[in-house]
Amino acid sequence: MEENLRAERLRKMEDLRKAGLDPYTNDFRPTMTAAEAQRARFAADEDTLKGAIAAGREDIQLVTGRVMTIRDSGKAVFVTIQDRTTTLQLYLKVDYVGEQGLEFFKKHVDLGDIIGAMGALFQTRVQARNEKDGKGHEVTLLVGATKLQAVGGDAPRMPSSLRVLTKALHPLPDKWHGLADVEQRYRQRHVDLIVSPEARMKLRRRARVIQSIRAFLDGREFLEVETPVLQDTAGGATARPFRTHFNALSQDMVLRIATELHLKRLVVGGLERVYEIGRIFRNEGVSRKHNPEFTSIELYQAYATYRDLMELTEEMLHKIAVDVTGSAVVKYAGKDVDFTPPYRKVALGDLVGTHLGAGDQSEIDSVVKGLELALGHVVSDVEPLRLVQKVLSNDEYTAALKELGGAVDAGSEMDFSRATWERHKADPKAFYARLGKLIDASLPRERRRDLALYLLFAVFEHEIEHTLWNPTFVVEYPISASPLARRRDGDPAIVDRFELFSAGMEVANAFSELTDPVDQRGRFEAQARMKALGDEEAQAVDEEFLAALEVGMPPTAGEGLGIDRLVMLMTDSATIREVIAFPQLRRA
RNA sequence: GGGCCGAUAGCUCAGCUGGUUAGAGCAACGGACUUUUAAUCCGUUGGUCCCGGGUUCGAGUCCCGGUCGGCUCACCA
C-alpha cells in the first residue's frame, strides 16, 4: 500500500517534469514568512482586494511552505501551508487561477509537498468573524490575485502563481493525531517535527536556553572555550566512558565524561573565567532523566567560592526562565516551579535527619547513627555495608569485619564481604550497630563524620532527591563523594559544594575547587582504590591534571549544569528524550 | 540486566471465551460543490495482523522463542 501511495506521487512528479516543471527546483524566493504575512497589510475583503487589483495597487507577495491541509470545494480550494514561523491559508479560486490553474493544482499537488505561491492578502468572511469573536487574527493569500494575472480573459497561468518547489513522495501522518508511537516519533523526527508544534517548540526553547546562558556568562566576562572530546583517560566525574580507537596512533581512547579537568587547566593558564557548552558521553543506561550523550555546561570562575556560584546560579536560572518562558514561575508536570531568587539552602544532614524524623543531623559524626538512619532507607539492607566498604581502606574494612567474626578463609574482598553478610543478614540492625560502634571507636572524628554523611547522602538520593520541587541548594556534602572539591575550612569532613535540585532532578553541581595538588593526589588515590575494588565508575589518577595543579591554580569555584534537564523544566517535558532532537535508540 | 505492558492498512485505532471473506476514521483514487478551516456528500482501492516455531478441524486471538518499543526497578549525578 505504501508503495502504491508512493507510486502515485512518483507519477505526479513525472507529470510535472513532462510539463517542463522541475519538481525539485531552487529558484523561488519568498518575500515574507507566514508570520510576517499574518501581521502584514491586508484587504478587508475580496471586493476591496479586487478594487486594488483593478487600480494596480495590490501588494503582491510570494510565500513558501509545506502543504498541511487541502479543502477542495470544486471551483475553489483552500490550502494551508506551514513554514518555519507558522501557517498561512492560501485560497485558490477559479476566477484568479483559471480552470487550468485549478486543474493543475488538483492533479499535481499533494499534502506534504512544498510549494511557493504568489498573490495578495485579504481576510475571508470566516476569518473576519473569528477575529470579531476574539478567536485571533488570521489572513489568507488569494493566489493569483495580481494585475499581472488578471489581464485578458483566461490568461492566468498556474505555474507563475503557484509552483511545486519540492515534491513529497511520502505521505504525512494523520493530520489530527500526528505520530502517536513514541518510537516512530524519535526514529522519524523529521516527520514528527512537521506535524507536532510541541516538538518544534521544544527544540526552539532548547536553543533559547543556550542563547540565554551564553548572553549571561558573556556579560560576566566568561570566555567560551572548547576542550577535547577524545581523551586518554576519562576524568572529572564518576562514570563509565565509551571506548573508541585512534587508528593513526593505534591507541585506544575514550570519549569524555566531563569537561572539568581541561577547563581547570585553562584556569591554571590564566583565563580565570571560562565555560564550555558541550556534549558529554556516559556509558550508562537510559531513563527518563538520562541519555548516554547529553549536553552540559561547565563554568569556572577564579577568585570565587561555591557561595558566589549560588548567587550566579540563581540569577542565571531566573534569567533563563524569563527569557525562555516569559515568567520566573514555570509549570512542570502540573505544578509550579518558581525560579525567583533566593533559593532554599539546606544542609544534607539536616535535610535527611528531618526527613527521617531524627532532627537536624548537620553536625553528625557518628557512624552508628549514620547506619541506623540509613538502614531501611536505601536500596537494600546490604547497601550500607557496601557504602562503608567504599569509604574505608581495605585494611580498615577487613579489620572491622574480622572483629565481628568475618569469614577469615574467604578468598577475595568481595567474597569476604558476602560471606560476612550471609552470617549476619538475619539481623542487620544488630550487625550494623556493632559495626558502627567498632568504626566509631577506631576512626578520628573527621573520618567518622565523612562516613556518616556518606550514608545519609545515599538516603537522600534514594528518598528525598525526587521530592525537591522548587529550586533547592543542598550543601555540606561528605568529602568521599566529592574527589575534586575543596575541603571546608574548619570542617575537613565536608566540602564546599552544592547541588541544585528542582522538579525532583539534579540540575547543577558546583563546588569550590580543590587547588592543593597534594590533597588532590590523595583523593585520586582513594578513587583508584575504589576502582581496584571493582568500582568501574571510580576516577583514575590524572597525572597531567596533577601536574597542572602543581603549576598553581588560583582559588576557583566551578559548576556544571545539565542543559537537557534545564530544557525539560522549561518545556514541561516528562522525559529527556523529548528535548533531544535524535535520542539514542537501539538499532532497529 | 529484572518485572509489567505493547506491536493490526501510509497515519490514528477497534477486533469479545479461538469460529465465515480482519473493520472504522484520516490519507490515497474517481465524482459533486466558488468563503473553507478536523469542510461536507457519493463511490473505490489498500493488510507479511512485528518475526519464527508450536497447540488446534480452525490462530490477529492461546503457548514457546526472538526483535523493537513503553513504563518501572536496578545501574547511573
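Below, chain A is the first sequence line, B the second, and so on; all start at residue 1. Bear in mind the structure is a predicted one, so any value in this text is a computation, not a measurement. Note that these values count all heavy atoms, side chains included, but never hydrogens, waters or copies made by symmetry.
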### Query
For B/rC4, which nucleotide is its Watson-Crick or G-U wobble mate, given both distances must be under 3.5 Å?
B/rG70
### Query
With a non-hydrogen cut-off below 4.0 angstrom, is A/Thr575 in contact with a base, only sugar-phosphate, or nothing?
sugar-phosphate
### Task
Could you work out which one of B/rC75, B/rA38, B/rG69 sits closest to the side chain of A/Lys175?
B/rA38
### Task
Taking atom C1' in both B/rG10 and B/rU48, compute the distance separating them and give it to the nearest angstrom.
16 Å
### Query
Would you find more than 12 non-hydrogen atoms of other residues, nucleotides or ligands less than 6.0 Å from A/Arg11 atom CZ?
yes
#### Entry: d(CD1, A/Ile194; P, B/rC11) in whole Å
14 Å
### Task
Remember a base hit wins even if backbone is also touched, and classify A/Gly178 as base, sugar-phosphate or nothing at under 4.0 Å, heavy atoms.
sugar-phosphate
### Message
For a quick check of understanding: with a heavy-atom distance under 4.0 Å over all strands, which category does A/Val77 fall into, base, sugar-phosphate or nothing?
### Response
nothing
### Query
Taking the side chain of A/Glu284 as its heavy atoms from C-beta onward, which of B/rA28, B/rC76, B/rA39 lies nearest to it?
B/rC76
### Message
Going by purine N1 to pyrimidine N3 plus the second Watson-Crick contact, or the G-U wobble pair, all under 3.5 Å, which nucleotide sits opposite B/rC13?
### Response
B/rG23
### Query
Distance between the C1' atoms of B/rA9 and B/rC26, in whole angstroms?
12 Å
### Message
Expressed as a whole number of angstroms, how long is the span from A/Asp72:CG to B/rG30:C1'?
### Response
13 Å
### Query
Would the A/Tyr306 and A/Phe511 ring centres measure less than 6.0 Å apart?
no
### Task
With C1' as the reference atom in both, quote the distance from B/rC50 to B/rC42 in angstrom, rounded to an integer.
37 Å
### Query
Under 4.0 angstrom, heavy atoms only, what part of the nucleic acid is A/Gln89 near: base, sugar-phosphate, or nothing?
base
### Query
Rounded to the nearest Å, what distance is computed from the CZ atom of residue A/Arg6 to the P atom of nucleotide B/rC29?
16 Å
### Message
Once you apply a heavy-atom cut-off of 4.0 Å, does A/Asp181 come out as touching a base, just sugar-phosphate, or nothing?
### Response
sugar-phosphate
### Selection from B/rU36, B/rA38, B/rC76 that lies nearest to any side-chain heavy atom of A/Arg71
B/rU36
### Message
With a 3.5 Å distance limit and no angle check, can you tell me whether A/Asp83 reaches the backbone of A/Ala34 through a side-chain donor-acceptor pair?
### Response
yes
### Query
If you check the A/Arg187 side chain, which of B/rC13, B/rG69, B/rU72 turns out closest?
B/rG69
### Query
How far, in whole Å, is B/rU55 from B/rC73 if one measures between their P atoms?
41 Å
### Message
Distance check, P atoms only: B/rC41 and B/rC4, in whole angstrom units.
### Response
46 Å
### Task
Look at all strands and tell whether A/Arg9 reaches a base, only sugar-phosphate, or nothing, counting heavy atoms closer than 4.0 Å.
nothing
### Query
So, does the side chain of A/Thr124 form a donor-acceptor pair with the base of B/rU36 at under 3.5 Å?
yes
### B/rG19 versus B/rG58 - spacing of their C1' atoms, nearest Å
7 Å
### Partner nucleotide of B/rG43 by Watson-Crick or wobble geometry (both distances under 3.5 Å)
B/rC29
### Query
Taking N and O atoms by type only, does the side chain of A/Asp174 place a donor or acceptor under 3.5 Å from a partner on the base of B/rG10?
no
### Message
Using a strict threshold of under 4.0 Å (side-chain N to carboxylate O), is an ion pair present between A/Asp496 and A/Arg487?
### Response
no
### Message
Within the 4.0 Å heavy-atom criterion, would you say A/Lys12 contacts the bases, only the backbone, or no part of the nucleic acid?
### Response
sugar-phosphate
### Query
Counting side-chain heavy atoms from C-beta on, which of B/rA39, B/rC11, B/rC75 comes nearest to A/Leu179?
B/rC11
### Task
Please evaluate the base of B/rU35 for a donor-acceptor partner in the side chain of A/Arg125 within a cut-off of under 3.5 Å?
no
### Query
Which part of the nucleic acid does A/Lys93 contact within heavy-atom distance under 4.0 Å: base, sugar-phosphate only, or nothing?
base
### Who pairs with B/rG58 - Watson-Crick or G-U, where each distance is under 3.5 Å
none
### Closest nucleotide among B/rU36, B/rC11, B/rG10 to the A/Pro173 side chain
B/rC11
### Query
Which part of the nucleic acid, if any, lies within contact of A/Leu111, taking any heavy atom under 4.0 Å across all strands shown: a base, the sugar-phosphate backbone alone, or nothing?
sugar-phosphate
### Query
Within this structure, what is the CG-to-C1' distance between A/Asn291 and B/rC75, rounded to whole angstrom?
16 Å
### Task
Using a 4.0 Å heavy-atom cut-off across all strands, classify A/Gln184 as base, sugar-phosphate, or nothing.
nothing
### Distance, rounded to the nearest Å, where A/Asn4 contributes CG and B/rG47 contributes P
7 Å
### Query
When only distance counts, do a donor and an acceptor, one from the side chain of A/His290 and one from the base of B/rC76, lie under 3.5 Å apart?
yes
### Query
Rounding to the closest angstrom, what is the interatomic distance between B/rA38 and B/rG60 at atom P?
39 Å
### Task
Select from A/Tyr477 and A/Ile70 the residue whose nearest nucleotide in RNA chain B is closer to the 5' end of that strand.
A/Ile70
### A/Thr86 and A/Gln38: side chain donor to acceptor below 3.5 Å
no
### Message
Distance check, C1' atoms only: B/rU35 and B/rC71, in whole angstrom units.
### Response
48 Å
### Query
Separation of A/His177 atom NE2 from B/rA24 atom P, in whole Å?
17 Å
### Message
From NZ of A/Lys390 over to P of B/rC75, roughly how many Å is that when rounded to an integer?
### Response
10 Å
### Query
More 5' along RNA chain B: A/Arg11 or A/Glu506, using each one's nearest nucleotide?
A/Arg11
### Query
Between A/Tyr300 and A/Glu298, is any side-chain donor less than 3.5 angstrom from a side-chain acceptor?
yes
### Query
Taking the side chain of A/Leu585 as heavy atoms from C-beta outward, which of B/rC29, B/rC33, B/rG69 is closest to it?
B/rG69
### Query
Counting side-chain heavy atoms from CB outward, which of B/rA74, B/rU35, B/rU34 is closest to A/Val94?
B/rU34
### Task
Give one of base, sugar-phosphate or nothing for A/Arg497, where a contact means two heavy atoms less than 4.0 Å apart.
base
### Message
Heavy atoms only, 4.0 Å cut-off, all strands: where does A/Glu138 land among base, sugar-phosphate and nothing?
### Response
nothing
### Rounded distance (nearest 0.5 Å) linking atom OG of A/Ser482 with atom OH of A/Tyr477
8.5 Å
### Message
Do the side chains of A/Arg66 and A/Asp113 get close enough for a salt bridge, i.e. N-O under 4.0 angstrom?
### Response
no
#### Entry: Between B/rG10 (P) and A/Asp113 (CG): distance, integer Å
20 Å
### Message
If you define the side chain from C-beta out and look only at heavy atoms, does anything of A/Lys289 sit under 4.5 Å from A/Met505?
### Response
yes
